[in-house]
Amino acid sequence: MVDNAKQTTVVHFIADGEVREFHFNFQIFEAGDVDVYLDETLTDTGYNVSIDEEIGGKVIFNQPPVNGTRITIIRNLDIKRTSDFQEGGAFRAKVINHELDYQVATLQQLDEKIGRSMIYPPYVQDGVSMQLPLPSAGKALVWNQQATALTNSSINVDNTIAEVTALQQQTAKSAEQVAEHWQEVLQQSAETVKNAQKAQEAADEALKYVVLSSFGNIGDIKYTTRTEVPNGGAWCDGTEYTKDAFPDIYQMLVDGKISSIDYSTFDSNILTNGSCGFFALDSLTQKFKVPLLKDVYLKAGQAPAMFGAESLPKPFDIGGGLWINNTGNGITTMQVGKDNKIVVYSSSIYKEGAKVNPDHVVYRAYVVLYSSAAEASEAQAADLLSNLGSKLNTDISNINAVGKEYVSTQCKPSNRYLDLTLQASGTKYTAPANGWFVLSKISTGMQDIVIDLNETRWSVVNSPANGWTCAAFVPCKKNDIVTITYSVKGATNSFRFFYDEGAN
């Protein structure tokens with residue numbers, strides 16, 4: 001016998017497309033005492049019911065239900081008596097047990113139906129009615145302002161839904177048109193950017209040649225009388241540099257566009273000659289040395305000329321010879337003349353303290369390692385950055401009156417808001433932007449609203465009596481977590497999130 005005290009009156013299954021038999025564990029008295037649903041459809045064909053007094057019974061389908069079908073088997077007894085006891089008649093235990101089992105089963109059946117009905121919680125306040133108003137087409141059931149009775153809504157929900165749907169469709173259409181417009185704008189902008197890039201590339205190329213023509217080609221050896229190396233250059237003093245410091249000239253050395261020798265040959269040339277006009281390259285360590293050139297001496301004059309020493313004294317004529325002159329400060333040439341007199345030829349240069357070479361100027365050799373130019377715009381940008389430094393990390397006095405007035409409004413609520421649905425007490429809400437959560441409810445006694453901001457108590461509003469309006473608010477930043485706890489049982493006037501001025 002099935003234990004009536006532990007019975008349920010409905011069971012659910014999900015078909016797998018193979019199983020045909022589905023068991024139930026509640027007592028029935030006839031095969032017609034159960035209803036069978038396939039998903040939401042009540043069916044009375046295509047199956048048989050087998051009764052087992054020990055375990056309840058089973059529904060046996062002729063064909064396995066389709067995979068995924070929700071099968072519901074529920075007891076559905078006629079509420080009636082099954083026996084009639086006569087005055088002074090026989091009182092059999094089997095008959096009375098059958099009658100009692102049947103009545104208990106109907107009570108269980110009613111309990112299951114009531115469980116699917118809308119009922120009050122046990123702690124509902126007095127004076128609340130569940131009586132339904134007369135039906136009104138398109139209207140919704142809502143609680144009145146006192147939350148004591150159900151009434152029809154003032155608006156036609158069907159019409160409102162239709163209007164909202166139409167508005168959504170219109171909005172979607174407008175958004176699509178805006179998207180198409182901006183797509184065209186973006187395409188035009190992309191074309192403009194492409195043309196601007198081409199123009200910039202051409203300008204960069206032109207600037208490169210201007211720079212090269214101004215400072216010389218990378219790898220050129222030049223000479224200067226300056227005491228500081230010119231812009232973009234390095235003295236030809238055999239110094240070693242790395243690829244990272246000067247990647248362009250290093251690559252030119254590797255590609256053979258500039259002649260170079262290895263480090264060993266470079267050092268050997270310097271040891272032998274005191275200088276070397278070649279670059280030294282070590283591709284293994286990705287380093288190179290610039291040439292080592294000693295100072296170059298150029299003759300001072302109005303026109304280029306080769307260096308040359310002053311001429312020696314005129315050679316002797318017959319019988320002549322070289323003699324030191326009488327003063328001891330020069331060399332003379334003696335010659336016997338026709339009258340047997342000695343004729344002396346002398347050079348004024350060859351005397352003590354006399355100049356042998358003309359004046360000269362030292363020119364130092366340097367090599368062009370890179371080309372760079374500081375354009376006027378770059379200088380202006382540098383000045384701008386320098387001026388900006390004085391504007392950083394300063395207070396609001398750094399802006400003008402218009403700016404101050406604007407900034408002063410940014411922490412205030414705007415007239416833009418988002419309507420929210422109030423959930424159960426203790427629900428957490430996330431701020432969608434910088435702004436304010438505002439909640440207003442009608443109390444039914446001494447009740448309160450508590451708002452916690454990021455787990456910190458921020459606002460508490462108490463109601464002293466029934467019918468009072470409780471309103472609480474809290475300012476918050478975007479993504480702040482707000483927890484709203486309330487004991488107010490009355491209607492919600494409004495629950496909104498107001499955006500700050502300037503907040504998105």
Side-chain angles (χ1 to χ4, degrees), residues 120-125 128 140-148 153-155 157 160 164 167-168 171 175 391-504:
Y120 289 135
Y123 46 82
V124 70
Q125 65 183 11
V128 177
L141 290 177
V142 296
W143 290 104
N144 61 14
Q145 291 296 323
Q146 294 74 31
T148 57
S153 63
S154 60
I155 63 172
V157 176
T160 302
V164 171
L167 181 60
Q168 288 175 335
T171 303
K391 302 293 184 180
L392 299 177
N393 299 321
T394 56
D395 58 25
I396 196 172
S397 64
N398 197 41
I399 60 178
N400 61 24
V402 176
K404 293 175 183 177
E405 179 67 23
Y406 176 75
V407 170
S408 69
T409 67
Q410 298 311 290
C411 60
K412 297 179 180 179
S414 69
N415 59 358
R416 296 179 297 115
Y417 61 85
L418 179 66
D419 278 316
L420 304 174
T421 300
L422 184 63
Q423 305 295 334
S425 176
T427 299
K428 297 181 183 294
Y429 305 86
T430 302
N434 294 342
W436 304 68
F437 280 100
V438 180
L439 171 61
S440 175
K441 287 179 66 64
I442 298 176
S443 71
T444 58
M446 297 184 64
Q447 300 159 347
D448 60 27
I449 298 175
V450 180
I451 299 181
D452 294 337
L453 174 61
N454 295 330
E455 300 184 357
T456 300
R457 181 64 53 87
W458 199 92
S459 178
V460 179
V461 177
N462 295 290
S463 168
N466 181 33
W468 284 63
T469 297
C470 292
F473 65 92
V474 58
C476 52
K477 299 187 291 296
K478 183 177 182 179
N479 295 327
D480 276 350
I481 303 300
V482 170
T483 305
I484 299 180
T485 306
Y486 58 90
S487 60
V488 178
K489 304 300 181 182
T492 299
N493 284 339
S494 67
F495 181 36
R496 291 174 172 173
F497 179 85
F498 283 85
Y499 292 89
D500 274 352
E501 283 291 351
N504 294 322

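Only this structure's heavy atoms are used, side chains among them; waters, hydrogens and symmetry mates stay out.
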Inset, instruction - Start with the C-alpha gap between Thr430 and Asn479, add the side-chain angles, then the distance that decides, and say whether side chain to side chain contact (heavy atoms under 4.5 Å, CB included) holds. - result: CA-CA 5 Å; Thr430 302; Asn479 295 327; 4.2 Å; yes

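- Looking at Thr485 and Asp448, their side chains never come closer than 4.5 Å, going by heavy atoms from C-beta outward.
- Defined by atom type and a distance below 3.5 Å, a donor-acceptor pair is missing between the side-chain atoms of Asp452 and Thr483.
- The two residues Gln447 and Lys489 come nearest to each other via the heavy atoms OE1-N, 3.3 Å.
- Counting heavy atoms from C-beta outward, Asn462 and Trp468 have side chains that stay 4.5 Å or more apart.
- With Phe473 as reference, Trp436 is the one residue of Trp436, Phe498, Phe437, Phe495 to meet the ring pair (Phe, Tyr, Trp, His ring centres under 6.0 Å) rule.
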Inset, instruction - Report the C-alpha distance between Leu422 and Tyr429 in whole Å, list the side-chain angles of each, state the deciding distance to 0.1 Å, and finish with yes or no for side chain to side chain contact (heavy atoms under 4.5 Å, CB included). - result: CA-CA 10 Å; Leu422 184 63; Tyr429 305 86; 3.6 Å; yes

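- Nearest heavy atom pair, residue Cys476 against residue Leu453, reads CB-CD1, 3.9 Å.
- Here the closest heavy-atom approach between residue Lys477 and residue Ala431 is recorded as O-CB, 3.4 Å.
- Rounding to the nearest 0.5 Å gives a distance of 7.0 Å between CG of Asp500 and OG of Ser414.
- For the pair Phe497 and Ala433, the tightest heavy-atom approach, listed with the atom from each and the gap, is CZ-O, 3.2 Å.
- The distance from atom CZ of Arg496 to atom CG of Leu439, rounded to the nearest 0.5 Å, is 12.0 Å.
- When side chains are defined from C-beta on, Ile449 does not count as touching Val460, because their heavy atoms never get closer than 4.5 Å.
- In this structure the side chain of Val488 never reaches within 4.5 angstrom of the side chain of Ile442, judged on heavy atoms.
- Lys441 contributes no side-chain N or O that, together with a main-chain N or O of Cys470, makes up a donor-acceptor pair within less than 3.5 Å.
- To the nearest 0.5 Å, atoms CG (Asp480) and OG1 (Thr456) are separated by 10.0 Å.
- Listed for the Thr427 side chain is no donor-acceptor partner under 3.5 Å among the backbone atoms of Ile484.
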